[in-house]
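All remarks here apply to the structure that follows.
Residue numbers start from 1 in every chain, and the chains themselves are labelled A, B, ... in the order their sequence lines are given, proteins ahead of strands. Since this is a predicted model, take the numbers as computed values, not measurements.
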Amino acid sequence: MSKPTIPQGTRDFDAATLRKRYYIFNTIKQCFEWFGFEPLETPAMENLDTLMGKYGDEGDKLIFKILNNGLDRPEKREKVQEAFEQVLQGKNTKEITERALRYDLTIPFARFVAMNHQQLTLPYKRYQLQPVWRADRPQKGRYREFYQCDADVVGTESLQADADFVQLYDLVFTKLNLPVTIHINNRKILAGLAEICEASEQLTDITIAIDKLDKIGKPAVLEQIAQLSLPVHAVDTVDNFLSVSGSNSDKLHTVGQLLAASALGTEGVLELQTIVALSETLETKNELIVDFTLARGLNYYTGAIFEIKAIGVAMGSIGGGGRYNDLTGLFGVKGIAGIGISFGLDRIYDCMEELQLFPQQALEEKKVMFLHMGDACTSFVMQQLKKLRLQGIIADYYHQQAKLDKQFKYAERKGFGIVVIIGPEEMEEGTCQVKNLSTGNQEKIAVSALAEFLG
RNA sequence: GAGGUUGUAGCUCAGUCGGUUAGAGCGUCAGAUUGUGGCUUUGAAGGCCGGGGGUUCGAAUCCCCUCAAUCUCCCCA
């Protein structure tokens, strides 16, 4: 038999890793709760229809599809073979696959809202911490199974909600002590730019090119724009757009003038101004940056868009989100606007690990281990363990008779801070030896006082 | 989907120009130590050199194929 493996891009997590992951997980969850979001979980798999066409052509290719069961049944043979021909052409058919692993948490949430909107009291704020799957090629900071931590609110068009999410981002990264910049833009501004360029049809191409600015530089971006066969003035317009600099309000002012001829673009500038102004009165620990090059790939955003970048680490975005004013419309329910953000748990972990930001205190637990002299002590030791555990103290003992030497080494390796030694002498006296492994201090106390001593 | 790098002990890695029985450190286990961990010290176990094929008297080493990991581009959290 060959050695067992796990699928590409997936991982097993050991105890030390999980403690750190839980630390991030719990911090994010706690912040969501503080903001009044309610928990929600949705299935790992969705109907393929629910997911297809929501993430763009590129996204569709990255959805993990689940093969239908029972394809081998003889009476289906002809249908299945016919359907498979379709698959070979790059099409999906219900005969072969009708379910898929979820690709993100936003679309399943929209599906949930569309199914339940009559029961929900709007605005509805939910948070969701669950794994998602993408058939991407794994590399640094990119996995095929990873956790997203989403908070969304639906049923409000208020820009105050947008500003609230800036505060939420700021709070989470403040609590994690991970320095980031919060980038914000507005889809309407990008649409306005395309309008000014007389190339509304090519909005996506333009934004994809602009998005690469910090990676390939302005000349290369303008080169790409030039190749889109847009009106002659378009390259200059984009050049001006990308040259905007200064403070957030300076940038908004300049772009406001540049896009004055576009009603949509002007609306976007005004929205962004409102959000930025609100955020500035509240102040953020992490810098809020108006970033007109921020595009984000997902098609369904209509207003504000966010992206988070960690400072001091070469890592893609560790969070993103934005406003979508008609997401449930995709599922036949019109008129429910929403906005939401996501935290990439795995990337946040990678950043914090690289910057060594995990606080030792938060990861260590107070644990007590009993060392004993053999079977004669077992019943006594177990009685003491029971008392401690009822008090919420993590307590364990060595399940076999062994030399103290060995038990000591075990306790140390497993991270027990305190050991309690029980032998025939102690049992007779009703005492025990309590030793602190980090200081080496040892004292004899009455067993009856143990729980209080450790508590 | 395109390209680069790397696969040797549980882990991190040496291994010369192709040449005898493939090494080290860490870790594991046992002893030094019959009621006291970390330090020290002695010893042991542990390998189809990723897999397959080829060249050669002879391959961990050279060539081809394949698998896996990892990174870059595309795209994304």
How many whole angstroms separate atom [atom1] of [X] from atom [atom2] of [N]?
| X | N | atom1 | atom2 | answer |
| --- | --- | --- | --- | --- |
| A:Ile318 | B:A77 | CD1 | P | 12 Å |
| A:Ile341 | B:A77 | CD1 | P | 13 Å |
| A:Met315 | B:A77 | CE | P | 14 Å |
| A:Ile208 | B:C74 | CD1 | C1' | 10 Å |
| A:Ile305 | B:A77 | CD1 | C1' | 15 Å |
| A:Gln224 | B:C73 | CD | C1' | 12 Å |
| A:Ile182 | B:A77 | CD1 | C1' | 16 Å |
| A:Leu62 | B:C76 | CG | P | 9 Å |

Sticking with atom [atom1], work out how far [N] lies from [M], rounded to a whole angstrom.
| N | M | atom1 | result |
| --- | --- | --- | --- |
| B:U41 | B:C26 | P | 9 Å |
| B:A60 | B:A9 | P | 15 Å |
| B:A30 | B:U20 | P | 36 Å |
| B:G47 | B:A24 | C1' | 15 Å |
| B:U12 | B:G27 | C1' | 11 Å |
| B:A45 | B:G25 | P | 15 Å |
| B:C29 | B:G46 | C1' | 10 Å |
| B:C11 | B:C65 | C1' | 30 Å |

Would you mind pulling out the nucleotide paired to [N], Watson-Crick or G-U wobble, both distances under 3.5 Å?
| N | result |
| --- | --- |
| B:C13 | B:G23 |
| B:U28 | B:A44 |
| B:U70 | B:G4 |

Reckon [X] touches a base, only the sugar-phosphate, or nothing at all at heavy-atom distances under 4.0 Å?
| X | result |
| --- | --- |
| A:Tyr410 | nothing |
| A:Gly59 | nothing |
| A:Ser317 | sugar-phosphate |
| A:Lys309 | nothing |
| A:Gln139 | base |

### Message
Both A:Glu307 and A:Glu412 contact RNA chain B. Taking the nearest nucleotide for each, which residue is further toward the 5' end?
### Response
A:Glu412
### Residue closer to the 5' end of RNA chain B, A:Asp136 versus A:Thr439 (nearest nucleotide)
A:Thr439
Pairs under 3.5 angstrom, nitrogen or oxygen only, protein versus nucleotides 28-35 of chain B, please.
residue, atom, partner, partner atom, Å
B:A30, OP1, A:Lys406, NZ, 2.8
B:G35, O6, A:Glu425, N, 3.4
B:G35, O6, A:Glu426, OE1, 3.4
B:G35, N1, A:Glu426, OE1, 2.9
B:G35, N1, A:Glu426, OE2, 3.0
B:G35, N2, A:Glu426, OE2, 2.8

### Message
Less than 3.5 Å apart, any donor N or O on the side chain of A:Thr106 or A:Lys54 sitting next to an acceptor on the other?
### Response
no
### Message
Distance alone, cut at 3.5 Å: any donor-acceptor contact between the side chains of A:Ser438 and A:Asn436?
### Response
yes
### Task
For the pair A:Lys251 (side chain) and A:Val290 (backbone), establish whether a donor and an acceptor sit closer than 3.5 Å, ignoring hydrogens and angles.
yes
### Task
Could you label the plane-to-plane angle of the A:Tyr23 and A:Phe358 rings as parallel, tilted or perpendicular, counting under 30° as parallel and over 60° as perpendicular?
perpendicular
### Query
Hey, what's the ring geometry for A:Tyr397 with A:His372, parallel, tilted or perpendicular (30° and 60° as the breaks)?
tilted
### Message
If you take the centroid of each ring, where Trp contributes its six-membered ring, are A:Tyr103 and A:Phe64 closer together than 6.0 Å?
### Response
no
### Query
OP1 or OP2 of B:G37 sitting under 4.0 Å from any side-chain N/O of A:Gln407?
no
### Message
With hydrogens left out and only the distance checked, is there a donor-acceptor pair under 3.5 Å joining A:Arg137's side chain and the base of B:C73?
### Response
no
Residues [X] and [Y] bridged, charged N to O under 4.0 Å:
| X | Y | answer |
| --- | --- | --- |
| A:Lys367 | A:Asp396 | no |
| A:Asp104 | A:Arg134 | no |
| A:Glu271 | A:Arg323 | no |

### Query
Can you check whether A:Phe343 stacks with the B:A77 base, using ring centres under 5.5 Å and planes within 30°?
no
#### Entry: Side chain of A:Lys140 - closest among B:A77, B:U72, B:G37
B:U72
### Query
Between B:U36, B:C74, B:A69, which nucleotide has the shortest distance from any of its atoms to the side chain of A:Arg142?
B:C74
### Task
Could you give me the CA-CA distance, side-chain angles and deciding distance for A:Tyr349 and A:Tyr147, then say whether ring pair (Phe, Tyr, Trp, His ring centres under 6.0 Å) is met?
CA-CA 11 Å; A:Tyr349 177 96; A:Tyr147 268 80; over 10 Å; no
